[in-house]
Amino acid sequence: MPFIIFAPKFGDFVSETRVRFAPSPTGYLHVGGLRTALYNFLFARKNNGKFILRIEDTDRNRYVEGAVENLIESLKWCGLDYDEGPDKAGEFGPYMQSQRLDIYKKYADDLIAKEHAYFCFCTPERLQTLKEEQAAQKLPQAKYDKHCLSLSKNEIEDKLANGIPHVVRLNVILNQKIIFDDIIRKRVEFESNNVDDQVLIKSDGYPTYHMANVVDDHMMQISHVIRGEEWLSSTPKHVLLYDFFGWEKPIFAHLPLLLNPDRSKLSKRQGDVAVEDYRAKGFLKEALVNFVALLGWNAGNDKEFYYMNELIESFSLERVNNSGAVFDFEKLNWINAEHLRKKSNEELLTLLKFEIENSELRIENYSDSYLLQIIDAMKERVNFVKEYLTKSPYFFEAPTEYEEASRLKNWKPETPEQLVVLKNKFTQLNNPSKEDYETVLKQAASELNISAGKLIHPLRLALSGISTGPGMYDLLFILGKGEVINRINTALNTLR
RNA sequence: GGCGCGUUCGUCUAGUGGUCCAGGACGCCGCCCUCUCAAGGCGGAGAUCACGGGUUCGACCCCCGUACGCGCUACCA
């Protein structure tokens with residue numbers, strides 16, 4: 001009598017929302033991982049639940065020094081604070097799987113006792129041969145042949161006693177349907193005949209993901225498993241495990257993948273994938289979070305600009321899409337610029353000072369009030385904080401060379417004498433305001449019988465060395481009379 | 001190959017049987033504003049809703065099939 005294995009439905013009562021982000025520490029936080037972590041975080045916060053960080057470090061071959069610290073650093077930078085984790089004790093720790101080996105061992109023994117799992121002593125060579133044979137026979141699918149399931153108790157004890165390397169395998173029962181409901185995929189159905197006798201405990205004594213994940217999610221009382229779509233295919237193994245243990249299953253939600261422009265799974269080959277890369281490039285955490293949140297989710301309206309608290313407010317798993325999303329850098333740039341423009345000048349000041357400290361400039365050369373003026377003047381013109389330095393370097397250092405195109409276009413033979421007229425007028429000003437500069441410049445233009453533009457363009461070139469920037473009177477005022485006159489003189493000497 | 005998931009403008013998406021010969025956003029193009037560059041405003045190009053069958057008075061929306069894409073198929077997660 002085949003039994004049908006069922007995961008709980010969406011509406012089933014769950015006492016407390018507890019979700020986890022469970023990355024393996026491979027070196028850095030991938031933006032796909034960020035999205036998974038974010039959705040978990042948003043879901044937890046929205047439902048007044050707990051967000052847990054668990055490190056899945058059960059593959060000793062993949063251990064990377066400092067990876068966990070790096071992961072945590074990135075997570076925290078993004079504002080994803082977890083309630084329990086490796087460095088934040090909770091009542092369900094430890095939160096590093098490598099520190100829970102005895103637990104997995106105990107539950108594996110449990111399963112073996114109930115004959116839902118068994119020792120397997122097959123060598124890698126036999127497994128390899130088996131696979132090749134099955135391929136040669138054109139079997140629809142390669143699976144372990146349950147060879148070691150038929151070992152007698154004595155044989156097993158004998159091999160164990162002799163220290164023969166072994167693993168523990170899941171004993172999948174044939175001819176059953178494994179059905180579960182996924183919030184995003186709806187009902188998903190598998191045949192148990194297509195499920196392999198997965199290794200649960202490796203020969204080095206470490207559990208595989210499948211084993212550790214189920215045991216931990218149960219012990220940590222995880223209510224919802226929100227993870228990437230790449231796990232959907234192995235979910236039947238997990239469902240089987242919950243059932244064999246007699247445990248209540250969590251509610252599953254498998255997230256669509258993040259893709260490269262060519263629609264393959266987002267990878268390092270085609271650009272930056274690590275959160276730290278984006279951070280280094282100068283993206284605001286608010287922008288990265290906002291952008292990534294929208295990759296696969298929307299509230300059902302046209303809103304695209306979100307702060308974290310707004311995301312928490314409107315997030316729901318039901319509104320997560322089911323198809324992969326291409327990571328579009330152009331749109332990330334745009335959302336970054338949006339967030340930057342919405343920041344107060346004071347916030348930008350902090351960011352800009354940080355940027356200056358990390359540049360070759362000396363922070364003590366610039367007062368807060370001076371920087372604030374630059375921020376105000378350039379705010380609409382920068383997409384990154386560092387662009388205050390790269391797009392308007394002339395606020396920090398006088399130009400030493402002049403843009404050729406602008407020189408050809410705006411620096412005419414008559415320009416020098418006209419600028420001298422203007423300069424003389426500037427010289428006579430006493431503590432000039434923006435309006436004073438404007439009045440005087442227009443006066444000069446009028447006296448010279450030329451348009452203001454004829455003065456403005458070469459003046460801009462003289463003051464900034466380039467042809468783009470804030471309004472001329474802002475530029476004059478920020479630089480100040482003395483600097484303005486110096487720069488005009490320098491230009492007059494350089495560009496004849 | 002097997003199993004699973006998916007498929008609306010280039011990209012992110014809205015859309016839950018009639019209001020859609022499909023709306024918004026990014027990007028692109030044009031105009032306005034203007035001392036430059038931006039920002040902003042206005043407008044434009046851009047999707048036979050993957051394809052083919054059904055169901056229905058009526059399908060982007062429901063069903064079936066096909067194609068294509070992606071994922072999994074490890075003693076990796």
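Chain letters run A, B, ... following the sequence lines, proteins first and then strands; every chain starts at 1. Worth knowing before you read on, the calculation uses all heavy atoms, side chains too, and leaves out hydrogens, waters and symmetry mates.
B/rU7 sits 13 Å from B/rU66 when the C1' atoms are compared, rounded to a whole Å. Comparing B/rC21 with B/rA47, their C1' atoms sit 12 Å apart, to the nearest whole Å. Here, B/rC70 and B/rU11 have their P atoms 14 Å apart, quoted to the whole Å. Comparing the C1' positions of B/rC33 and B/rU16 gives a spacing of 43 Å, expressed to the nearest Å. Using P as the reference atom, B/rG54 and B/rG46 are 31 Å apart when rounded to the nearest Å. Going from the C1' atom of B/rC28 to that of B/rG71 covers 33 Å, rounded to whole Å. Nucleotides B/rG44 and B/rA50 have their P atoms positioned 25 Å apart, rounded to a whole Å. Comparing the C1' positions of B/rU55 and B/rG41 gives an interatomic distance of 48 Å, to the nearest angstrom.
At a cut-off of 3.5 Å, with distance as the only test, no side-chain donor of A/His116 or A/Asn171 sits close to an acceptor on the other residue. Side-chain contact annotation: A/Asn383 with A/Asn336, donor-acceptor N/O pair under 3.5 Å absent.
Between A/Leu255 and A/Val320, the shortest heavy-atom distance links the atoms CD1-CG1, 4.3 Å.
A/Asn321 has a side-chain polar atom (N or O) that falls below the 4.0 Å cut-off from OP1 or OP2 of B/rA14. OP1 or OP2 of B/rG15 lies within a sub-4.0 Å distance of a side-chain N or O belonging to A/Arg319. Using a 4.0 Å cut-off, no side-chain N or O of A/Asn322 falls inside it from OP1 or OP2 of B/rC5.
Against RNA chain B, the stretch residues 132-139 of chain A makes no heavy-atom approach under 4.0 Å.
Counting any heavy atom pair closer than 4.0 Å across all strands shown, A/Tyr206 reaches no nucleic acid atom. Using a 4.0 Å heavy-atom cutoff across all strands shown, A/Glu191 reaches no nucleic acid atom at all. Among the heavy atoms of the strands, none lies under 4.0 Å from A/Arg60.
Which of B/rC35, B/rG23, B/rU7 sits closest to the side chain of A/Asp302 comes down to B/rG23.
Taking atom CH2 of residue A/Trp297 and atom P of nucleotide B/rA14, one finds them 11 Å apart after rounding to whole Å.
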Next item on the list: For each nucleotide in nucleotides 63-77 of chain B, reading 5' to 3', give B when a protein heavy atom comes within less than 4.0 Å of its base, S when such contact involves only the sugar-phosphate, and - otherwise.
Entry: -------SBS-SBBB

Next item on the list: Classify every nucleotide of nucleotides 37-47 of chain B by which part a protein heavy atom approaches to under 4.0 Å, writing B for the base, S for the sugar-phosphate alone and - for neither, in 5'-to-3' order.
Entry: BBSS-------

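Environment of CD in A/Glu189: crowded, with over 12 heavy atoms of neighbouring residues, nucleotides or ligands closer than 6.0 Å.
Residues passing the ring-ring contact (aromatic ring centres under 6.0 Å, His included) test with A/Trp334, sequence neighbours excluded: none.
Within the shown strands, nothing qualifies as a pairing partner of B/rC37 under the Watson-Crick or G-U definition with both distances less than 3.5 Å.
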Side-chain donor/acceptor pairs under 3.5 Å, residues 465-474 of chain A, sequence neighbours excluded:
from	atom 1	to	atom 2	distance (Å)
A/Ser467	OG	A/Glu403	OE2	3.0
A/Asp474	OD1	A/Lys434	NZ	2.9

Could you list all N or O pairs between the protein and nucleotides 30-33 of chain B that sit under 3.5 Å apart?
none

